[in-house]
Structure formats: structure tokens, C-alpha cells
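Reminder, nothing fancy here: chain letters follow the sequence lines and each chain counts from 1.
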Amino acid sequence: MSLMPKDQGLYESRREHDACGIGAVVNISGKKDHSIIEYAKQVLLNLHHRGAASADNVTGDGAGILCQIPHDFFEAEAKKLKIRLPEPGHYSAGVVFGPKDKQLRKECDTLLEKAVAHYGMKVIGWRDVPVSADCLGEIALSAEPSVKQIFVDGGRLANEPLEQKLYLARKRAERLVSEKFGESADDFYITSLSCKTICYKGMFMAWQLFSYYPDLNDERFTSALAIVHQRYSTNTFPNWQLAQPFRCIAHNGEINTLSGNRNCMRMREKRMESPIFGDDLSDLLPVLTPGASDSANFDNMLELLHLSGRSMPHSLMMMIPEAFGAKYHISTDKRSFYEYHASIMEPWDGPAAMVFTDGRLLGGTLDRNGLRPSRYTITTDGVVIMASETGVVEFPPEKIRTKGRLQPGKMFLVDTEQGRIITDNEIKGKISRQKPYRRWLNENWIELKGLFDTPHLEHGDPETLAARMRMFGYTREELQVLLKPMAINGQEPVGSMGADNPLAVLSDRPRLLYDYFKQLFAQVTNPPIDPLREGLVMSLMSFTGKKLNILEETPEHCRQLKLPHPILTNEDMSRLRRINRDDYNVQTIYAVFDPDKDIPDAGLKQAIDRLVADAEAAIMNGNASLIIISDKTADANKAPIPALLAVSAVHHALIEKGLRGEAGLVLETGEAREVQHFCLLCGFGANGVNPYIVFEALHHLRKQEYLPQGMGSAQIASNYIAAVKKGILKTISKMGISTLRSYFNAQLFEAIGINKDVIDTYFTGTSSRIGGIGLKQIAKDILSRHKNAYGSRKIDSLELDFGGDYMYRLNGERHLWNPTTISKIQHAATYNDQNAYNEFAQAVNDQSKALCTLRGLFKFNDSEPVPLEDVEPASKIVKRFCTGAMSHGSISKEAHECMAVAMNRLGGMSNTGEGGEDPARYTLEPNGDSKNSAIKQVASGRFGVTIQYLSKGKEIQIKMAQGAKPGEGGQLPGKKVTQEIATLRYSTPGVTLISPPPHHDIYSIEDLAQLIYDLKCANPEGKVSVKLVSEVGVGTIAAGVSKGNADEVLISGYDGGTGASPQSSIKHAGCPWEVGLAETQQVLVMNKLRDRIRVQTDGQLRTGRDIVIAALLGAEQFGFGTGVLACMGCTLLRKCHEGACTYGIATQDPELRRRFAGKPEYIVNYMTFVAEEARQLMAQLGFRTFSEMIGRVDKLSMQEAVDHYKAKGLDYSMIFHQPQAKDHSELYNSKSQASPLKEHLDWKIIDNAKATFEDGKKSSLAMSIKNTDRTAGTILSNRLVKKFGPDGLADDTLEIEFTGSAGQSFGAFLTKGVTMKLIGDSNDYLGKGLSGGRIIVETPPGSPFLAHENIIVGNTLLYGATRGEVFINGMAGERFCVRNSGATAVVEGVGDHGCEYMTGGLIVVLGQTGCNFAAGMSGGIAYVLDEHQLFDTLCNLDMVDLESVWQDEDQKLLYGLIQKHEALTRSSRARRILDAWPDMVGRFVKVIPIDYRKALERMQAEEERGTDTTPATEEVFYG
Amino acid sequence: MAKARGFLEYKRQPVEYRPIENRVKDYKEIEIPLTPETITQQAARCADCGIPFCHGAGCPLGNLIPDFNELVYLGKWKEACDVLHSTNNLPEITGRICPAPCETACTLAVNDDPVLIRHIEFQIVERGFAEGWITPLTPDTKTGKTAAVIGSGPAGLAAAQQLARMGHSVTVFEKDDKPGGLLRYGIPDFKLEKWVIERRINQLESEGVKFHCSVNVGKDISANYLEKMFDSIVLTMGAGQPRDLPVEGRDLNGIHFAMEFLAQQNKMIAGETIPDTPINANGKHVIVIGGGDTGSDCVGTSRRQNAATVHQLEILSQPPETRPDDTPWPMWPRTMRTSSSHQEGCERMWNVMTKKFVGDNNVKEIMACKVEWTQQDGQWKMDEVPNSEFTLKADLVMLAMGFVHVEHGPLIKDIGIDLDDRGNVITDNWQTSNPKVFAAGDTVSGASLVVQAIDAGRKTADAVDQYLRCL
């Protein structure tokens, strides 16, 4: 039976994720053969490392195979059962899981038979599928269903028509069973029911699939095609149905937009009609199986689109459209096809490698970002193997016809009937022209003259402006801190130091409803996108108006209004209102209510009900295509309904009534102004927003001369809109979503502090886990703002209140860091003053009057105390303390080293942050102090991450997200990159450094497992930790991390500090750690994964009480950031991002650094106080050791008798939920992870090259390699660098020649002195973090294809490489040399995004490049052979210039490199170029970043001056 | 923020005084206002801190200091003036004489020189008056409720103005001839010329506040009458009872409380009536006992009266030049401060205890000794240094040793309110034990800063307003 737990505590089953390895095998000729199944088996076995095992280490997360129905085999088997099968195509052989209970099983089967009969087909027999359960793990066994095969006779029907009936019957049966038996028949699941394909799957590790189902090993079991899948899920709960493939697809990746897609599908279902299904359509509803995984829902949708008449490739083009923005050179017809379909359906967006089949076609497609790998090999005898990795089936070189990869957004198709491969162009060209989409669009879409013209500011009514602004809660601070910078710079403003003010629900001030929602963001299971450097894949365009039946295509489908983005000006609104067309009617409804009602919330409720009724009437009676919801009539007598509440209420009510598709919703509101506001409004149903007061407020600011002289009205308005647009792109990209169309309606927010009533009524489906305010409190806040606007006000008060949200103000919003707490902590730390500490802790802990944090309302339950002297000493407790990850760069050398020394003295751990570390710190100080940071952070920029750095850590921390800006990258402006910083980060002084939003080697959970594996290889003695940020679902991710072999998971609160982050991210992304930590503990314990992993938490931790609460919720280690900075002198100037820290902490300015006055002893003092306070609480709670305390939530309860008007609605019972555990040892880290390194290839090399490893002498080896041999060369690099240092060996001291297909991360962090030559090919991440070694990849001699057209290595090569050389005799995939900072590479062709974020190094490309080359490239040089003189169209020219290679120096360098490439790889391409050098040299272009060139010139000038003593970067500060 | 790295670009430019030889010849204010350019630069030094300690820890009023600094930097003086007045009723006073705890709490004071906050405030308000931006603010509607404010010092003025602006009818009673209290009679003109007070009183009067001067409530009108006539009463009479020095010879002539001396001089300048034989330091050996600000004022006034010598004695030890560990930032530091009066010529002595006054009819000299301070169990203990007695010539002695509490006159007795052990009025949220009587300022806290008094006056007004609205 299925043992998926129900939602409990903070666990929500819908937050589960999975990812995996996929593969497909096809015989192009269509010939059915058992060898295809055998190949599929090999593929699966060689992908096993992409899957994961459960807590029992034997149960796999799932594996399966989808192939053609092996008619001969079934015919024979059926005969044994006296069943006579009709001709192939005229019957279906399905696989049906069912309950083990025989009676129940029988009843389910009967219902299925009835459903089949209902559609005029006949069940002609059942077969018990032979299974062999011996191979199964305990957990899989516990959920094992009974597996039966059903044979259905189609009667007169065959092929497509039969397939459609079978679909109806299956959906009907699913519904009947669930209606009749409910959860007791959860195990009933129709794996496949088709006349063409059949699927076998279950809770397996790869090898178990074939042992469990002996059918698959039968020689008669033949197919021309097969799809296989190996799953990695974030839980260990056994569920056989979640295994893949599904009926049409296998998917690797994650559909980020799922919630939007689901909501949009709900909108559409009532409008659906199909000539094929007729009235039977109702049996298909709901189309998307509720509660199923993203991949399962994708399959549901694809199946519907396909079986209702569209071809499978067509359906996939609708669901996973490639990017078609202005930067793409694609055919007009194809662009029209995509635009037309954009008006019908939103993309299913996210990392996706899909393989699909309808039984005849087999294909693969990739998302627009190309975020999952997909490699294929075509053999000379017509077999295609496509898989997440290359080398999964070994062929001799001469048998390989082509090797390739799927490119972003592209499709690959094999038609087994036609017996040929169909290219992307052919498929899409044909489909784009099957209907006159271009003409339909031109003739139908609605254009409004002047709409989205140059925007202008509005004068409005200046007399009432201030009052109206007060009514909508505007503050002085918002104008100055938010709107002004947006208007001036066209960007959202940046802030620093995190959020320390109360959650909206704890605040005394009337907060806007937006503040109660926190943005969700992608971490681990799916990557965020870079909206700046990879913005070409993103779009804010949408269509609004009536949405017609999705199962049809007519010209009228696109009769909609196209909005290039959702921000409308006041003029746009007038234009909208002036639309006067029969087929597009615009109506306005008003979201205001009478504030004088005695019971304000009743007034509010009535008003919302009326609003909803108005909307309905506008559609039903007014035939509206567009409804404007307006609060413009709010004034002294009318209060506005919060815009978010208004739009979400209308949106959900219309969905319920099946009317939402009838009209678009546009908001006209004085309330919206921040990025967060627009994102929420769109996420909850608005198609467009007009923030009318903003344009008046900006006019006012301009009149008051707050904006630079000379800025015109149009420029200001455009800048503001641009800032909002960028902000929206950034917010959706955080979720890994590329288009606003699929963000619309997706509700990618979590509510913190709103009660169930409000959520269920108006924000259906949103997570809200701690209760909170209801309509009453919402109404109270509206009225209080309204009174402040129109009621009594002191005549000498300012027009707008200050606010105090960003900056502390006495009468403003509260802050936990305030003059009292800062001065007390400093007095305590500096003078080792216990009284001062007590006062500090008191001020933080006692929130009885001034609530700031959720834990402020926690209370300890009475317990039997123990004597204080029995409690373990503070000196032991402080070892659990860490300092936050702050890079040397974000803070000064002095501050960084001060923390390291302090933590080393205490035996705790300091963290390098993302910025490398000076190797000089690995030597002890004369007094015995150590400046070596115990934790080495590895973040997306990989700055300074070398093999030596990794080898020197006690722990390596992978930063997946940061509390202050989860899902975002960072940027260190060139002017802050001093000589010192540049050296540490292996970059060039003065050149901007960019950290990408995602780790480009982690797009999925199995990628994270791979990086963990890489890092364990780089430091086999160290621990690996993964840093996550608290949000709903973080627990399931933590479970995945634990399964991925990490030793620790860190749950950061949203409120943690930062050097620089956009304000909306500081405030609105992520959750308090209390919730995330509790969820993590609960989910880990439920999965029995807690005991093998350590849990840390951080985020505004300050006192012993904080520590004890965190421990009771499940943490065993604790990170401190701001508190430690305060000990070193920080008083929260919040100027880190400006480098103007007067305390010499967050600055690189030598003059300011001289002011640094922190001392390690201050930190030691503070930490000791915290530990002592924790000890006292432990004594009070009766704990002698710290470990005893971990996970004991039973010791916590909620403060009763809270009389705060908002906080009293809070309910922490979910946080205090205690999952079942065998004993306390399952509640904390009581054992270690199993070591994954035992089988590693390097041990053999280390044994066989003793001369090198013992004496540093030369050795040479040769060996074969397979794709399952991952991270080759990394353990040996660790050993070498530990023994000989980073420069201890001469080049080529150790030479190894490999033959075969190398696994991922070949040569990662390879150290100097080692040369690895690979004859064959390699998977992703080759040369990751290359640290001086040399890698050569050679196409095997005898391969029949052209090396330079052949994908020989995978994606994301040389990520973060610092030095070394790579020569590749073939093409590489996407993101070649991403963030390379020093390696030299020669390659014969690259995919999209080559040299992205590169900061140094030298690249030669001897062939074609994909698009977006050099995006974010701030350093280094690339030489690209541009034979067609079109390279500039493929290059992102934002930061680089293109030059021809005319200087002697350049020519010599280039020639030398090509010569070396030829010598090392025997490249014929290189030979040809060298032979025709005088002709060829002119065809090269040199790509050089603008900043980099300046920096080089500056350095050269310095060198020439020679005697000048000022370093080249001194001017960096003042220039 | 004004300017990202303003504090690195510009140094603090202290306000300069008129030359000593020139300024001691008159009683005019001694500060020379900085030029507009300099002020812009000084404002540019403000870092607009995330936690502005000036505002949040230093200034009792919570003046929006970073905000007006930025506005001054941007040249938006009018808005700066509004911002300043939104928290402070008397910025022209605090801009002149406030010891500026905001500046010692400035984050730049940690390792640099603080922003010149007080003088920026001065410049804002003076420009406001010069430009005519500071006009009466009268409420649209009157509440019909009445309040009597007893005493017109800073607490009284602030309370009165706030109450009037809230629509209440306010009457201020002042026992002296003119309103202003200590501002008018305690602070020498060379620090605060009295037209400055007039200017503000005019605004209050235009806003409807009535002033009844030369009325000593409790004597001239009874507490009972007051209670009958007004809906609420606010006591802001200050802490007028000076600390005495009851040693041998105390009753000799020539020994005065500082306030007698200072008030006489101020009245003289204002042309008010003074005794026939006023206290005069001309040609005399002056001893000022007490090392605080009042003492310093006596020094400056004696200098201007051409004293022969001036000594200022302090019983405590000399504070260090730099911030000592016992008052770390952002606390008000116990450091050595040298006032403009000290610069004008006086000898300051520390660790000195006066033992007796010697003379016939008039004091001739004082006898004093050295003391030393030691700390025992956290308590400071004072011991005389054996054989350290010495004498100083003294024709005129000023006792400037602070104030003990509000004067316990008939009003306090008759109106029936509770006092604490130290003789101050007890309040709960500014309300005394008599519900319709409120109290603020030194009356409640004992002698303190003007800025504290303004703050108390404002907060009391809020409490009174709440009370009146519930009537």
C-alpha cells in the first residue's frame, strides 16, 4: 500500500520534489527487438547514481520503463491463460497496480471493467504479472501493490480512436474507484492502458526493475523504442505510483510553474469542449490528477492535448515553448505560432529534459534554458541512445555515427514508421505552418493606439494627495528609500544588514496586506534564472481578454489585448476605458467600502461580496472582456478594500463559477508601489496594474526638487516602470520562472500571519501555517490608515509619517537592533560586563511588550530543574557556534581575521564566505592563533575555490541560498575589487565580479548530490554542509539533501544580514527560521533521515534563549552574524553596500579599515555569555547535555493571554508538532553518513603511482573509464596538494590516460602537476574548479564523424576554474567556461552562454558558438573562429567588445595555443587552421570585456611607470 | 543620506566664538554662525545611519536629525524647518544652549568627530524665522476644554503650545514679570539673548495661549480657585530649590545662590527692576562653588563684570580628556569640558571641599581642603586629604551646586499631590495623584536639561489631551 503520510505539522506532501536520470532507446527503422530493452537496461543501470536510496539504503526512489507492447510475448503469455489477443493495435495490454487485499482488488478491477465496458470495449482477461519481490528493500516491500495486467479488446476500434476511448475509460475508472473506496484504494493505479505502449515501474533502484519484473528479461519481450527513468525524490516515503515513466513521458527536472499551471487549468476546464470526447469530457475532469507530482501533471496535460487532436510534438511546443524574444533569430511563422499559443496557454516552465513517445514517435525536448543535460548517440546500425549522460551504453568508436546533445528549447524526434530522424527545424516548421497562425494573429489581436506609449507623471489633485497617500499607508521613508531611487536609477534600491523588525502580524502599526506574504524561491530542486545575463529567455508579455476552449484552435482564440508588461499608466487606463468594440468590452467595478460601519469587518466583507457580484454581473450582463477593479473613488467617506484582497477575491470567485476565463482583470489602485506589491497582485490574478498614486507622488517629488534637475516627467515615469519590471523579472526568476504568463495566478507565496478563514476564502491554496489576522484586523488597519488620512491629526506633524521600517526611528516601526541592544551588546563584549549582557539579553528576550519575532511568543514548559553545575560547561557549548558566511570582500581583512581568530580560540567555526581565503592564513600566528576559517564556503561564484582551499576546511558549505536574498546572485562592483580582493578571488583588480543566481552545476537535486560528492572527493576528511533558506517545503528539500549524503544542513532565517541586497528581497523573501527549522526537523524525523545529518540554524540569533529555542526545535549548531559584527563595533549604519563603514568592517577603503577596533576577545566574551545563558536555561529545563535538548519541542508552548490585536490570532501548534520517533537518537545527529568514496577510481591511481604520491616523482598510467566513474582526479589532487602544496609539482608529473566515457566532474579541482588525457568523451562539469592541472579530451581515432561537429564533453565546463589548461577535440555543451577565472581552454565548438560570468582566463573556440556568448563576462579573453561573420549576433555585447586579431602578440598567442591543441589532441580541425593560417587568422574575433581591458591598460601603465609605489588599484576607490 | 562619504571629505568645523577680549565687554551672544557653505558641508558629514543614535539614544526629543541634516545638505531649508518643528517646540533654544547629547551619541563620535548637529539645528530655525516660515499654527476647531500651565520654562512653553494646537484653551501663569522661566532668568544673554524667547512667545500668543505673568499661583491665586477654573492643570514650575552649603560662615554677606546673581544680571540687561544694590563682581575675588554649567555661567558673568579673579571649585575629581570606560559610547561621557566662559579666564580646581567661609560681615576668604575619591564595592567614597587645607581670597561667593527639587510652596501643598522621597512630584504617565493635575519637567525629574523639559512638556500635553478628550 502507499505509505505517503498525510500533511502533518509543517509537512505538506505537495512540497515534495523529485528529479532523476532519464534515458531513451530507439531503433530508427522501427524494428522491434529485445536488444532495445537490453540497451534500456544498460542505460538505467549506468544512471543509478542519479537516483537515490531511502533510509534503508536498499529501497530506490523509483525506476521504470515505457516501451511498445511486445505483441508476440503477450500473445504467447495470454495463450497460456487461454486468452486470445486481437491483432496489434486492436487491443490494449495495461498494467494495473491494486490493493494487496484480494477482495478490494477484485472490486477495483470490476470498476475498471465497468468503465471499459462503458466505452464499448471489453476486458478479455487478466494476467498476474510475475514478480520477484526478493530483491526489494524493506521500505519498498511495505508499500508493494499487487501488479496485474489487463487485456482490453477494442472491438471495432483500433489505434488513435481506441487510444482515446482507453483514455476515457482509464480516467473514469480512476474516478469511480476513488469515489467508491476513497483512500483505502489508494493503491489502485493504472500504470498504462494503451494499445501501443506499456509501462513497468515501481519503487526500485535501477537494477531491481529488471529483477522484479522477469517479463522484461524475456527474449520475446521486444520493442522498437523504450524510455527509462531513475528517480531521486526528496522523501523516503514509499509510493509506487510516483515512479516514472508515465503514460507519455519521462521527465528530468522540475516544473516550477506547476501551481500556476494547475490554477490556470482549473480556469479552463469549464470552458472545455471537444468534438472527439463530446459529453464524455466530464469523465476527464479534473484533467490534472490532484496531489500528483509535477511530472505526472505534465503527463496528464500532454495526454489531454495529444488525445484531443494535437500531435504530440505540437502539444509539447505549446507546453514547453522555446524562447522567442527579440534576441532570437527565428522564422516569423514559428514566432507567430508561439505568440498565438501564448494567448491560449501559459508555458509549463522549469528545468525539463523530457523524453516522450506515443508508441510510434520517440522524442526528446529541453526547456528554453537548457537546464538539464540530454545527450544522444546514434550508431551506424540505426540505434539512438538518448540519456541524461553520455557513455551509458558503450559502443566501439567506429560504430558511432553521431554524438550530440539536445539544445535549449529544441526537439529531437525519431519516427519509427518513416524510419528516420526528424530535425527540430523540420518538426517545428511543419507545425508552425499547419494553420495560418501569423494571419490569425495579425487579424485578431487587439491593438490600442497609444497604449504603452511614453509614460508621464500625473498632477492629480495636489491638495488631497497627502491625505490619499496616508490612506494607502505611504510613509516619508518609502518615498525617499524606495520610490526616489526607482525613479532616478530605474532599479530597485539596495539595502544591507537584513530585517530586524517585526513580522507584519507582530507589528503595532497598520501594515499593508502585502507584508503578510513571503515570496517563494527556488532552491536545490530547481535553479533560479539570471534575469540580467540570461534575460533573453524571459518575458513579461501577456494576453488578456476572453479565453476560449483550449481543445480547439480558431482565429478568435487570439482576439485578446497584448500587454508587453503589466504596469499601466494613468493614460493607459483612460485608453482602456475608451475601447469601444463589440468584441472587447471594458467595465469598471469599485473596491471601496463605507468606513463608518459599526462593525468594520462586516462592512468590508459585504463590500467584497458586492465586488464579486459586480464582477460577475460585468461578465454575465455586460459581456466584459476586461474588468477594471478600481479604488480611485476612495476618499474621506469611502475606504479602499486592500487591492490584493480585492483582486484575489474576485479572481477566486470567478474561477469557482467557471467565469475567470471570460475576462481579464486589471487593477487601478493607489496602494501598489513596491515590486512585492506587483508580484503579489499578478500572482493572485491581476493581468495588469495601474499604480495611479505613484505617478502623482513622483510628480510631487519632482516638483519638490527631490529628483535630479533635468529629469523629465517621461524619464521619471519610465524609470519607475523599468524598475518595477526588473523587479518582477527578478522575483519570478527567483522561482526559476521565465515568463510572467506562467507566474500569473501561480500564487508563489506563503502567508505568514493570516488566518485560515481569510486564506480559504480569498487566497485558496496558499500555505499559511501559523494562523494570524482575520478580516477584522484587516479592517481595523484600513480604518486606522483612513483615520490618519481624514480624521484628527496634529497640525504640526509632517504630512507623512516617517515610517522607520528601513531605518530606525523612535516613533516608527520597532527594530530588534536598536540603540539599547546595540550599546548593551557592545558594552558586554568590550568590557566583559555580565550586567550589560543581562540587560542586552533581557531587551531581546522579553518581547512581552514589543513583539518582534515568532519566538518572542514562545514559552518554556515547567520542568524538573537540574543544578547548574551539572550542566555541560559553556566551553563545550560554544563549539556549536559558528559565525555567518561573510566574505573577505564584503567585510575587511581585519574584521574577517578577527572573527576567524575568535572562533578558533573558542573551538567554534568561522566561515570564509564566498570570496576565497589568503593561503597565508593557513600558517599559525606566533601566539598560536589561527586565522584559518574552519568552514569554506562554496557559492555560485566559486571565487577562490581551489583544491587547496577545499583541502584546508573542516567543513565545506554549499550556499544554495542566502536569507537576505534567496534565489539571487550578487555583484561586487569593480571599484570594490582591490588588489587584495582580486588576488583572493583570482580576478583582476577593478573588474566587476558577478555571482550568478544559480550554481551552474546544480539545477536539480541529483546535481547537488553530485557536487556533494565532488567536494567530498576534494576533502575526504571534511564534512559537507548545505545552506538553505527557510520557506514552505524546506523540510522536504532538507530530506533530499540528507539523502544526497550531506553531513549537515543549515536552515537560515529570512531575516539574516547581508552586505547588499535589493530591499524587496531583504523584506519579502523567505520565512523565519523557527518555521523552517521546525519543518526540517519534522520531515527529517518522519523520513528517518535526521540521525545521519547535523542541523544548523541562523538568522538574527542573539541570546542564549534563542539558542535553546532553536535546539528544542531541532538545531544542534548555531550561526551568528550581526551580533558578532556588533561586538566588533558595528552599529548598523546599514551602509555596507556603499563601502562607507566608519568602523572599518564592511569596507575595503584603507582609510576606513584603519579605524577597525574589534578584537577577538570581544567575540569570545559575547559567545561565552550566550553559552552561559543557554546553560542556565538548560538547568531550568532539566538538561545536562546539549544533545539531550535537541528536538524536544515538547518543552515549548505558546505564550497565552496575548492581547496584541493581531498576534492573538497566531497558532503555533504546527511548529510544536512532534513526529514519531523510535527514541531520542532519531531526533539528532547520532550517526554518520555512509562514505560514498570507497569505490572511487582515484584510490587505484594513488596505489599505482606511488612514485608521485610518495616522492613527487614522475609516473604515467593508462586505464579505462565509465560514466559511473565520477569526479576522477579529485581525491588524488587533494592528496597531492596536502603533501606538496599547490605549486609543489612540475607540469605532467603524473600523467594518466583514460579510455571510455568519463562520468561527471572529470578532473574537478585537478591540481598542478597532473595531466589527465581522455580518449572518448565526457559528461558535464569537466574541469570544474580546475586548480592548475591539465585535461585533454581526444575524439577516439577511428570515429567516423567530424570531431568539431561532435559533442564530446557536456555542459558547464571549467566552472570556477582558477588555473590550468584544457584541450578539447570536439564540441562542448552549454555554459562552457562559466565563471572561469584563470584556466586556458581550446575547444572546437560550444553551445549557448559560452564564457558566461568569466573573470579571467584564455579561451579559443575553433568552431560554432551558441547564443548569449560572453554574458556577464567581465574578464579574460576569448578568441572565436567566426567563419560566417555572424558571431556578433550570437554574442551578448553588454560587457564586451569584439576586435579582430591583428596585433602580433595576439596572433602569436593564438597560433601557439592552436599548435599545442593540435599536438596534444591530434585535432584535424586545428591542423587545417594552422595550414591555412594567413587566411584563417583574419576570421578570428577577439572577445574582450571593456572593464578588463581598462584594468589591463591601467596595470600596464603602472608597470611602465615602474617606480611608482601606489598599487594599481589605489585609484579604484577614488576614481 | 546626505553624502556617502561626506564624513571623510569634510572635517567637523566647530562653531567659533567672538574673540575673548571683544566678547567679555558685552552680553551679546558669543557664537559666530557658520557660513551657509560650511553648514552644507557639515550636514554632508551625516551618514544617515540605519540606527541613528543621535535621534534614538542621544536626543531626548527624538529630533529627526538625519532627516534635517539631509534636507540642509540638499538646501531644502523650509522642509528642514518643518521636520525640526515636528518634534521640537523650541529649537532656537536648544540650538543655542543644548549640551547636545545627540552629538556625543553620533556614530561618528565613536572614532571621529561627531556631526555638528546643534548648530545645524540653530541655523535651520534661524533661517526659518528670517524667511517667515515659522508662523502660528491654529487648529481648525477648538475643544472647549481648558488647561492651566503653571510656570513658563521650557516644559511649560512646550506643553502650552502643544495643548493649544490640539484645540484646548491654555493659560500660562508665571510668577516673574515675563515668561520664559530659567530660559529668561537663568541663562546669561551671552548664550541666549532674550529677544529669542520673545519671538517664540509671540507665536504662542498668536496660537491662542494666554500668559498671566507676575502671578504666583498658590499665593496670588489659590490652588482651589485654579482647580475650579480649569479642566486641567499642568505643573511646570521647575526645580527651583537650590542646594545649599551649610558650613561655618554661610550667613556672611557676599555669599549668594548662583541663580540670584544670574537673574539679576539678565534683568538688568532687560531693564527690569532689580534691587538697589545688586550683586556685582566688579574688582572682586570671586569664588564659584560647583563645577557645572550654572557655575560656568557665573564665571562668564563675573568676567563681564570685571572680577579681579575667578575661581571655580568642584568637589569631584577632574574628568579625563577622553571618554572613560565607565561611560562608553553612546552614553553621555564624563569628560573634561571647557566652556567659553572658562576660556575667558578662571581657575578651575577639582577635589576641593569648602570647609568654611571666613570674614567679618562680608566674606573675605574661604577655607577649603583637598579630597580624594576611592571606589569601594562599586560605591564612591570621599576622604579628606590630611593637612591639605588652604585658603582663597573671596569677596563674592556663588553657590552653584545644583537644585534639590521643586519649591515646596503653598501650591504644592494645597493642590494635594504626592511627592517622592527626594521632594519631586510623583506622576504616572505625567498625571499626579490629583487626576486633573499633571506635572512635567524639572518639577518631576529634578533639575535636568532644557531638552528634557521640552520633551516632558510635549508628552504631558499628549496625556492631558487624552484626559480632556475623555471628560
Side-chain angles (χ1 to χ4, degrees), chain A residues 476-477 480-481 495-498 500 704-706 792 794-799 801-802 804 806-812 815 817-824 826-827 830-831 833 836 1129-1144 1147 1149 1151-1152 1154-1157 1517-1518, chain B residues 1 3-8 47-64 66-67 70-71 74-76 78-79 82-83 85-89 105 107-108 110-112 137-141 161-162 165-167 207 325-331 458 461-462 465 469:
Chain A
R476 236 182 110 70
E477 187 180 43
Q480 297 296 330
V481 176
S496 51
M497 294 307 291
D500 63 335
Q704 302 239 307
E705 295 179 353
Y706 270 109
S792 59
K794 285 189 189 170
I795 46 175
D796 51 354
S797 56
L798 299 171
E799 281 194 327
D801 292 338
F802 184 84
Y806 299 91
M807 302 290 193
Y808 173 88
R809 289 294 183 270
L810 268 180
N811 296 314
H815 288 258
W817 289 117
N818 53 46
T820 309
T821 51
I822 286 285
S823 42
K824 292 300 172 199
Q826 291 190 343
H827 299 168
T830 314
Y831 302 103
D833 179 341
C1130 170
T1131 65
L1132 274 87
L1133 302 173
R1134 296 188 192 267
K1135 290 289 166 290
C1136 320
H1137 53 293
E1138 281 157 6
C1141 177
T1142 67
Y1143 305 112
T1147 180
D1149 181 340
E1151 190 180 334
L1152 291 173
R1154 275 194 286 276
R1155 301 183 181 204
F1156 180 74
F1517 292 109
Y1518 312 109
Chain B
M1 167 169 42
K3 198 163 193 300
R5 300 166 66 86
F7 62 92
L8 285 176
D48 188 22
C49 306
I51 303 176
F53 282 75
C54 52
H55 149 93
C59 180
L61 279 169
N63 277 346
L64 295 164
D67 306 82
E70 183 185 17
L71 290 164
L74 295 174
K76 299 182 182 302
K78 167 133 187 4
E79 211 180 329
D82 291 343
V83 167
H85 280 90
S86 72
T87 56
N88 189 350
N89 299 72
T107 59
L108 280 179
V110 174
N111 52 19
D112 196 336
L137 296 173
T138 44
D140 297 337
T141 50
Q161 184 163 50
Q162 290 303 99
R165 287 176 176 182
M166 291 165 188
E207 289 171 356
D325 283 354
D326 59 0
T327 47
W329 181 88
M331 292 158 94
R458 293 174 64 87
D462 288 339
D465 180 54
R469 283 181 194 278

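If you measure heavy-atom distances from B/T87 to chain A, you find no contacts under 4.5 Å at all. The contact between A/Y706 and chain B is made by backbone and side chain atoms together, counting heavy-atom distances below 4.5 Å. Heavy-atom distances place no part of B/D326 under 4.5 Å from chain A, backbone and side chain included. In this structure, no portion of B/D465 lies under 4.5 Å from any heavy atom of chain A.
Atom CD of A/Q704 is surrounded by more than 12 heavy atoms from other residues, nucleotides or ligands within 6.0 Å.
To the nearest 0.5 Å, the span separating CG on A/D796 from CD on B/E207 amounts to 8.5 Å. In this structure, the separation between CG on A/N811 and OG on B/S86 is 9.5 Å, given to the nearest 0.5 Å. A distance of 8.0 Å separates CD in B/E79 from CG in A/L798, rounded to the nearest 0.5 Å. Going from atom CZ of A/R476 over to atom CG of B/D67 covers 5.5 Å, rounded to the nearest 0.5 Å.
In terms of heavy-atom proximity, A/P819 sits nearest to B/F53 at CA-CE2, 3.4 Å. Of all non-hydrogen atoms in B/I51 and A/W817, the two that sit nearest each other are CD1-O, 3.3 Å. Pairing each heavy atom of A/I795 with each of B/L137, the nearest pair is CD1-O, 3.5 Å. Contact between A/Y1143 and B/N111 at its shortest, heavy atoms only, is CD2-ND2, 4.0 Å. Nearest heavy-atom pair across B/G62 and A/L810 is CA-CD1, 3.3 Å. Considering every non-hydrogen atom in both A/M807 and B/G50, the closest pair reads SD-CA, 3.3 Å.
The backbone N or O of B/D48 lies less than 3.5 Å from a partner atom in the side chain of A/K1135, making a donor-acceptor pair. The main-chain N or O of A/E705 is found under 3.5 Å from a side-chain atom of B/K76 such that the two form a donor-acceptor pair. Remark: side-chain polar atoms of B/H85 are not paired, donor with acceptor, to backbone N or O of A/S797 under 3.5 angstrom.
Between B/P330 and A/Q826 there is no side-chain heavy-atom pair separated by less than 4.5 Å. Side-chain contact between B/D112 and A/R1155 is present, with heavy atoms from C-beta onward closer than 4.5 Å. In this structure, the side chains of A/K794 and B/R165 stay at 4.5 Å or more apart for every pair of heavy atoms. Side-chain contact between A/L1152 and B/L8: present, with at least one pair of heavy atoms (C-beta onward) separated by less than 4.5 Å.
Using a 4.0 Å cut-off between a side-chain N of Lys or Arg and a carboxylate O of Asp or Glu, A/E1151 and B/R5 do not qualify as a salt bridge.
The candidate from B/G56, B/G58, B/G75 with the greatest count of non-hydrogen atom pairs under 4.5 Å with chain A is B/G56. Between chain A and the options B/L108, B/V110, B/D325, heavy-atom pairs under 4.5 Å are most frequent for B/D325. With chain A as the partner, the residue from B/L64, B/T107, B/D82 showing the most heavy-atom pairs under 4.5 Å is B/T107.
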